[in-house]
Amino acid sequence: MLTFRTAAQNAVDPFMGDWQGSVSIGGQKQPVSVYMIPLDQGRYEARFVGDFRQRGPYLFRLRGVIRDDQFRFMDDIPFDVGRITDTTDKGVVLEASLWSGKVTDDSVQGSVAGRQAGQFELRKTQRVSPDLGKRPPEGAVVLFDGSNLDQWQSRNPGQPAKWKLLPDGVMEVAAKSGDIVSKEKFGDHQLHLEFCLPYMPRASGQGRANSGVYVQSRYELQVLDSHGLEGFDNECGGFYQVRRPLVNMCAPPLQWQSYDITFHSAKRGDDGKKSANARITVVHNGVVIHDNFELPHTTPGAVDEKEGEPAGLLLQDHGNPVQYRNIWVKPL
């Protein structure tokens, strides 16, 4: 079960991440959970939902700033002439709501004025994976314990892994050094790994903290900073161009996350042809996001199409300094 706790201040960006509280509009009070997505220089996109465990719908989508202890946001709306309520010598007046308040420590209280009227109160929180630090069981193969890269090689045959080994027991993608693959190959197995996304507020889409975990070097489970987004197949927890996660469990950047995977390899008949698809269960930060899902085929970027043959675990270099730690595999 995911653990909630009061969030510690992040020195890089103290306001990004998860918030919880309530909003009262027109006298109707409702609980809310909020994804505060950094856009750089004190600017944020705030997406309100009723419950973190649900993908949506979004109750409110705002853009604004948190600066000098002031919270000032307005509706994130596309320009629509139907929203024009007045004109002035400086331009047009749009129908929208202004959310303003004062930030104190890890909380904010304020009012809503304009198109909607009411009050809100929010407090910073943090959802922490209960699987962080999970130790390898008996019979597991430790692929990375923080001490060396001996269990890894480059995707290019005959070359060593060239990723960075950091002093705190972490390995980091070295941009343009290439993907790395475990030397040991696996069939049916359980996999645990932990990853941390870099802070890239000026980037967006596939350029924002991109990497990937290729199970058996063939099926990409996406790694991406998609905190608070819709949870598409090309976002964190999705199987690229195959299936979106049941729920978007991506944590904000700079927070460690976990994947726990149970994988059953594709099967081949006596004729050598595939007779059964691979199946996979994925737990992201303590929550099931794929439940015994049948993978119909490999995903783009696969090492080969030899489904059913044992193969190594591949970690993708997509040019961003994503970090990994505590990686182990238990054959089944």
Novice: Can you check whether C196's main-chain N or O pairs, donor with acceptor, with R325's side chain at less than 3.5 Å?
Specialist: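 Not at all, since once roles are kept as given, no pair shorter than 3.5 Å links the two residues.
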Novice: Show your working on salt bridge (charged side-chain N to carboxylate O under 4.0 Å, His left out) between R243 and D233 and close with a plain yes or no.
Specialist: CA-CA 5 Å; R243 190 181 195 240; D233 62 78; over 6 Å; no
Novice: With a 3.5 Å cut-off and no angle check, do the side chains of Q41 and R43 form a donor-acceptor pair?
Specialist: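 No.
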Novice: Do the side-chain N and O atoms of N326 and H192 include a donor-acceptor pair separated by under 3.5 angstrom?
Specialist: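 The criterion, which ignores hydrogens and geometry beyond distance, is satisfied for H192 and N326.
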Novice: Tell me, please, which residues at least two apart from F73 pass ring-ring contact (aromatic ring centres under 6.0 Å, His included).
Specialist: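 Listed in chain order: F71.
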Novice: Got a donor-acceptor contact below 3.5 angstrom from the Q20 side chain to the V34 backbone?
Specialist: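 Not at all, since once roles are kept as given, no pair shorter than 3.5 Å links the two residues.
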Novice: Between the side chain of W152 and the main-chain N/O of N148, is any donor-acceptor distance below 3.5 Å?
Specialist: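 Side chain of W152 to backbone of N148: no pair is present.
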Novice: Say whether, by atom type as modelled, one donor and one acceptor occur between the side chain of S182 and the main chain of L313 under 3.5 angstrom.
Specialist: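 A pair under 3.5 Å: yes.
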Novice: So do M249 and R127 actually touch side chain to side chain, heavy atoms under 4.5 Å?
Specialist: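 Side chain of R127 against side chain of M249, heavy atoms only: contact under 4.5 Å found.
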Novice: Which distance, rounded to the nearest 0.5 Å, do you find between the CG of L295 and the CD of E307?
Specialist: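 Here the rounded value is 8.0 Å.
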Novice: Can a donor-acceptor pair be found, under 3.5 Å and without considering hydrogens, that links the side chain of S217 to the backbone of A311?
Specialist: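 Looks like no, no N/O pair under 3.5 Å.
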Novice: Counting N and O atoms only, with roles assigned by atom type, does the side chain of S154 sit under 3.5 Å from a partner on the main chain of I180, one being a donor and the other an acceptor?
Specialist: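 Checking the backbone N and O of I180 against the side chain of S154, no donor-acceptor pair under 3.5 Å is found.
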Novice: I'd like to know if the side chain of S111 reaches the main chain of G118, judged simply by a donor and an acceptor atom lying under 3.5 Å from each other, with no hydrogens or angles considered.
Specialist: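 No, because the side chain of S111 does not come within donor-acceptor range (under 3.5 Å) of the backbone of G118.
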Novice: Is it true that the side chains of Y199 and D13 contain a donor and an acceptor less than 3.5 Å apart?
Specialist: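 Note: Y199 and D13 side chains meet the donor-acceptor criterion.
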Novice: Compare all side-chain heavy atoms of R47 with those of L229 and state whether any distance is below 4.5 angstrom.
Specialist: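 R47 reaches L229 side chain to side chain.
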Novice: Less than 4.5 Å apart, side chain to side chain, heavy atoms only: is that true for Y240 and L221?
Specialist: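 No, too far: nothing below the 4.5 Å cut-off.
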Novice: Is the closest side-chain heavy-atom distance between Y259 and V223 below 4.5 Å?
Specialist: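 With C-beta onward as the side chain, the pair touches.
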Novice: Should P201 and Y44 count as side-chain neighbours, where that means a heavy-atom distance under 4.5 Å?
Specialist: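 Side-chain contact under 4.5 Å: no.
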Novice: Check this for me: N292, atom CG, are more than 12 non-hydrogen atoms of other residues, nucleotides or ligands nearer than 6.0 Å?
Specialist: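 Yes.
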Novice: Could you list the donor-acceptor pairs under 3.5 angstrom formed by side chains in residues 161-171, with sequence neighbours left out?
Specialist:
residue: W163; atom: NE1; partner: G178; partner atom: O; Å: 2.8

Novice: Could you check whether the rings of Y324 and F195 sit parallel, tilted or perpendicular, using 30° and 60° as the cut-offs?
Specialist: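 Ring orientation, 0 to 90° scale: tilted.
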Novice: Just one of I261, L143, L193 clears the side-chain contact (heavy atoms from CB on, under 4.5 Å) bar with V329, so which one?
Specialist: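 Of the listed residues I261, L143, L193, the side-chain contact (heavy atoms from CB on, under 4.5 Å) partner of V329 is L143.
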Novice: Report yes or no: is the cationic atom of R61 (NZ for Lys, CZ for Arg) closer than 6.0 Å to the six-membered ring centre of Y58, at no more than 45° off its axis?
Specialist: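 Flagged: R61 positioned over aromatic ring of Y58.
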Novice: Could you please spell out the steps behind the side-chain hydrogen bond (donor to acceptor under 3.5 Å, both in side chains) verdict for Q126 and Q255?
Specialist: CA-CA 9 Å; Q126 188 178 49; Q255 181 177 320; 3.2 Å; yes
Novice: Do the side chains of V12 and W19 join up, straight or via other hydrophobic residues, at under 4.5 Å, putting them in one cluster?
Specialist: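 The answer is yes; both residues are in one hydrophobic cluster.
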Novice: Assess whether a salt bridge exists between R208 and D225, defined as any Lys/Arg side-chain N lying under 4.0 Å from an Asp/Glu carboxylate O.
Specialist: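 Looking at R208 and D225, the cut-off is met.
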Novice: So do the side chains of V242 and H297 get within less than 4.5 Å of each other, counting heavy atoms only?
Specialist: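 SC-SC contact between V242 and H297 confirmed.
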Novice: With rounding to the nearest 0.5 angstrom, report the CD to CG distance, E220 to L315.
Specialist: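 If I round to the nearest 0.5 Å, the distance is 11.0 Å.
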Novice: Does any N or O in the side chain of Q206 come within less than 3.5 Å of the main-chain N or O of N234, such that one atom is a donor and the other an acceptor?
Specialist: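 Such a contact is found between Q206 side chain and N234 backbone.
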Novice: Measure up the F48 and F60 rings against each other and bin them: parallel (under 30°), tilted (30 to 60°), perpendicular (over 60°).
Specialist: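 Perpendicular.
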Novice: So, the side chain of D51 versus the backbone of S33: is there a donor-acceptor pair under 3.5 Å, distance only?
Specialist: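 No.
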Novice: Regarding T298 and E305, do their side chains bring together a donor and an acceptor under 3.5 Å, going by distance alone?
Specialist: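 A donor-acceptor contact under 3.5 Å links the two side chains.
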Novice: Establish, from distance only, whether the side-chain atoms of D18 and H227 form a donor-acceptor pair under 3.5 Å.
Specialist: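 Side-chain D/A pair, D18 to H227: present.
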Novice: Using the rule given for side chain to side chain contact (heavy atoms under 4.5 Å, CB included), can you reason through L314 versus V303, listing the C-alpha separation, both sets of side-chain angles and the distance that settles it, and then say yes or no?
Specialist: CA-CA 9 Å; L314 183 147; V303 165; 3.6 Å; yes
Novice: Looking at F263, is R279 sitting on its ring face, NZ or CZ under 6.0 Å from the six-membered ring centre and within 45 degrees of the normal?
Specialist: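 Output no; distance or angle outside limits.
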Novice: Can you check whether L149 reaches F144 side chain to side chain, under 4.5 Å on heavy atoms?
Specialist: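 When only atoms from C-beta onward are counted, F144 and L149 do touch, with a gap below 4.5 Å.
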Novice: Is it the case that the side chains of Q257 and N285 hold a donor-acceptor pair, with the cut-off being a distance below 3.5 Å and no angle test?
Specialist: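 Per modelled atom types, N285 and Q257 side chains form a pair under 3.5 Å.
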Novice: Short question: side chain of S258, backbone of E194 - any donor-acceptor pair under 3.5 Å?
Specialist: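 It does not hold such a pair.
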Novice: Could you give me the CA-CA distance, side-chain angles and deciding distance for D179 and R155, then say whether salt bridge (charged side-chain N to carboxylate O under 4.0 Å, His left out) is met?
Specialist: CA-CA 5 Å; D179 305 338; R155 177 172 178 159; 3.0 Å; yes
Novice: Yes or no on ring-ring contact (aromatic ring centres under 6.0 Å, His included) for F120 and W99, after CA distance, side-chain angles and deciding distance?
Specialist: CA-CA 8 Å; F120 68 95; W99 299 56; 5.4 Å; yes
Novice: Evaluate D260 against K134 for salt bridge (charged side-chain N to carboxylate O under 4.0 Å, His left out), listing each step before the verdict.
Specialist: CA-CA 10 Å; D260 283 274; K134 183 182 287 188; 3.3 Å; yes
Novice: For the residue pair S100 and R72, establish whether any side-chain heavy-atom pair is separated by less than 4.5 Å.
Specialist: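 In contact.
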